[in-house]
Amino acid sequence: MKSLTIVGGGWAGLAAAVLATQQGWRVRLLEAAPQLGGRARRIQHHGLALDNGQHILIGAYRDTLQLMRTLGLKPEELLLRLPMNMQTAQGQGLRLPDGPTPLNLLWGVASASGWSAADKWGLTKRSVAWQWAGFQCDALTSVASLCQGLPPRVMADLIEPLCVSALNTPCEAASGQVFLRVLQDALFSGQGSSDMLLPRVDLGQLLPDAAHAWLQAHGAEVLLGHRVSDLQSLQDAPLLLACPAWEAAALTQSVAPAWSAQASGLQHTAITTVYARTQQALHWPSPMIALVSGPEAPAQFAFDKGRISRETAMQGVLALVVSASQSPRDELTQAVLQQAQSQLGLQDLQLLTTVVEKRATFACTPGLNRPSMRVAPRVWACGDFIQGPYPATLEGAVQSGFAAVSAMASERMGENTA
């Protein structure tokens with residue numbers, strides 16, 4: 001058996017470790033934190049199991065869903081599946097019905113509440129044009145440029161919240177090409193691909209806990225609280241870096257200075273999740289609703305955790321999410337609470353905690369040159385920041401972990417046949 005050391009126990013590292021173990025590698029996974037999960041993990045707040053940020057999966061995340069099944073999990077039980085819904089609490093906006101693509105999109109646009117005929121026709125024409133172009137555009141095109149000319153209501157109700165939630169980057173600075181890839185996979189890749197999958201359990205239970213148990217049961221070594229400060233002591237085996245970009249950059253300065261500089265040059269954006277509790281009954285059309293966001297109202301989405309979660313302790317808990325957040329924590333918290341009171345009529349909101357993931361994702365800007373999978377001889381990297389077609393998502397992380405192991409296996413096969 002050939003040995004493989006993986007540095008980092010986020011979703012990319014876990015995906016890589018599982019696939020490598022299946023392929024016969026002797027895997028050792030080193031994680032600096034006391035728990036697995038990376039930037040999608042469970043946190044505790046006074047005995048309440050929350051997350052370091054509210055995450056959404058979609059039906060197009062096929063590799064993530066397959067990984068869950070490999071670990072013995074049942075996605076249909078752990079994830080609440082809902083048709084894509086960008087409506088407000090008052091039912092304004094776009095909601096896609098269940099059905100085959102792209103017919104569900106056409107029906108959703110035709111029945112969008114609060115949209116004029118010009119709004120609907122404008123989006124339909126542009127969607128057809130994108131499809132005819134193969135969902136391709138110039139690499140330097142921003143989402144704002146890509147969508148120039150679309151009706152203001154369509155931009156405000158659909159494009160802007162979808163862009164900032166998927167790419168965690170505002171339209172003016174976000175990659176049009178990556179945005180088109182997200183639209184293609186979500187809206188045009190088969191029935192159910194656009195469905196929203198909301199975790200009914202905390203993120204630890206959703207995958208990392210089961211991955212830890214599976215790896216140990218299959219002979220892999222998992223070391224928590226084990227920080228790697230240099231790579232020299234690990235060079236006796238092929239090495240896969242599955243840690244965040246800034247940590248990978250620091251570790252590779254001496255062995256791959258050009259790669260290190262590229263990784264350290266990535267810009268990152270934050271995501272803030274304000275958790276609060278209410279005693280009022282919520283009559284939202286969906287457990288996830290869109291909010292009207294702006295300079296004084298920073299949150300884009302609200303989640304009724306009581307309707308989503310299987311835990312009775314989550315009754316009345318809301319998660320209010322600010323993607324691409326920039327303001328200080330306390331200022332942002334107060335603005336979000338005031339926004340919820342104003343737009344949702346919740347006057348009794350009690351703040352539980354505010355979680356700011358300062359470097360939640362890389363800034364997905366036009367023409368961004370992301371680091372390659374290959375770092376140096378016997379050193380590889382995976383993660384949502386590695387070259388690929390997707391923004392920083394759980395699916396991108398899982399796919400990157402799988403791709404790295406597959407590439408290492410191909411090289412290993414070449415060495416054996418040489």
Side-chain angles (χ1 to χ4, degrees), residues 1-33 36 38-39 63 67 211 215 218-224 226-268 359 362 367-390 392 396-418:
M1 293 179 66
K2 196 163 186 177
S3 298
L4 172 64
T5 298
I6 300 175
V7 180
W11 288 49
L14 293 173
V18 170
L19 181 59
T21 300
Q22 287 180 312
Q23 293 185 354
W25 294 77
R26 181 185 294 110
V27 172
R28 180 175 59 153
L29 188 149
L30 310 177
E31 169 55 49
L36 300 172
R39 283 166 290 140
D63 286 314
L67 175 59
L215 288 168
H218 288 78
E221 183 181 12
V222 179
L223 300 178
L224 301 178
H226 190 105
R227 180 170 294 279
V228 175
S229 56
D230 72 85
L231 302 184
Q232 298 304 317
S233 61
L234 303 177
Q235 290 290 70
D236 58 333
L239 181 63
L240 178 58
L241 300 177
C243 44
W246 55 93
E247 293 184 8
L251 290 172
T252 55
Q253 284 181 335
S254 60
V255 298
W259 191 97
S260 173
Q262 190 177 15
S264 64
L266 293 174
Q267 301 298 310
H268 293 84
R359 292 186 282 192
F362 63 87
L368 180 63
N369 187 18
R370 291 152 63 176
S372 64
M373 188 188 311
R374 185 66 181 267
V375 179
R378 298 167 61 84
V379 182
W380 302 72
C382 66
D384 58 17
F385 68 95
I386 296 297
Q387 286 179 4
Y390 297 109
V398 170
Q399 287 188 351
S400 179
F402 286 166
V405 171
S406 297
M408 296 175 76
S410 296
E411 181 176 276
R412 176 185 177 187
M413 184 177 297
E415 292 174 353
N416 292 338
T417 57

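For the ring-ring contact (aromatic ring centres under 6.0 Å, His included) condition, the pairs that include at least one residue of residues 238-263, sequence neighbours left out, are W246-H268.
To the nearest 0.5 Å, atom OG of residue S229 and atom CD of residue E247 are 12.0 Å apart. Note that CZ of R39 is 9.5 Å distant from CZ of R359, once rounded to the nearest 0.5 Å. How far CE of M373 is from CD of Q387: 8.5 Å, rounded to the nearest 0.5 Å. Rounding to the nearest 0.5 Å gives a distance of 11.0 Å between CD of Q399 and OG of S406.
Checked against salt bridge (charged side-chain N to carboxylate O under 4.0 Å, His left out), R28 has no partners two or more places apart in sequence or in another chain. Under the rule for a side-chain contact (heavy atoms from CB on, under 4.5 Å), the partners of E31 that lie at least two apart in sequence or sit in another chain are L29, A33, L36, L224. For A249, the side-chain contact (heavy atoms from CB on, under 4.5 Å) partners two or more places apart in sequence, or in a different chain, are S260, A263, S264. Taking A250 as the reference, nothing meets the side-chain contact (heavy atoms from CB on, under 4.5 Å) condition, with sequence neighbours excluded. Not a single ring-ring contact (aromatic ring centres under 6.0 Å, His included) links H226 to another residue, sequence neighbours left out.
Residues L240 and V7 are not in side-chain contact: their nearest non-hydrogen atoms beyond the backbone lie 4.5 Å or more apart. Two residues are said to be in side-chain contact when any heavy atoms from C-beta on lie closer than 4.5 Å; R26 and L4 fail this criterion. I386 has its side chain out of reach of S372: every pair of non-hydrogen atoms, C-beta onward, lies at least 4.5 Å apart. At least one side-chain heavy atom of L251 sits under 4.5 Å from a side-chain heavy atom of C243. You'll find the side chain of L266 reaches within 4.5 Å of the side chain of L368, heavy atoms only. Inter-residue side-chain proximity for P244 and F385 is flagged as unmet; no heavy-atom pair is nearer than 4.5 Å.
When atom types are taken as modelled, the side chain of R370 and the backbone of D384 share a donor-acceptor pair closer than 3.5 angstrom.
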Verdict with supporting geometry, L231 and V255, side-chain contact (heavy atoms from CB on, under 4.5 Å): CA-CA 9 Å; L231 302 184; V255 298; 4.1 Å; yes
Derivation and outcome, side-chain contact (heavy atoms from CB on, under 4.5 Å), residues Q23 and V405: CA-CA 9 Å; Q23 293 185 354; V405 171; 3.6 Å; yes
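Counting non-hydrogen atoms of neighbouring residues, nucleotides and ligands closer than 6.0 angstrom, the CD atom of Q267 reaches no more than 12 such neighbours.
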Determine all donor-acceptor pairs shorter than 3.5 Å in which one atom belongs to a side chain in residues 11-21; sequence neighbours excluded.
from : atom 1 : to  : atom 2 : distance (Å)
W11  : NE1    : A40 : O      : 3.1
T21  : OG1    : A17 : O      : 2.7

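Across A407 and W380, no two heavy atoms sit closer than the pair CB-CZ3, 3.6 Å.
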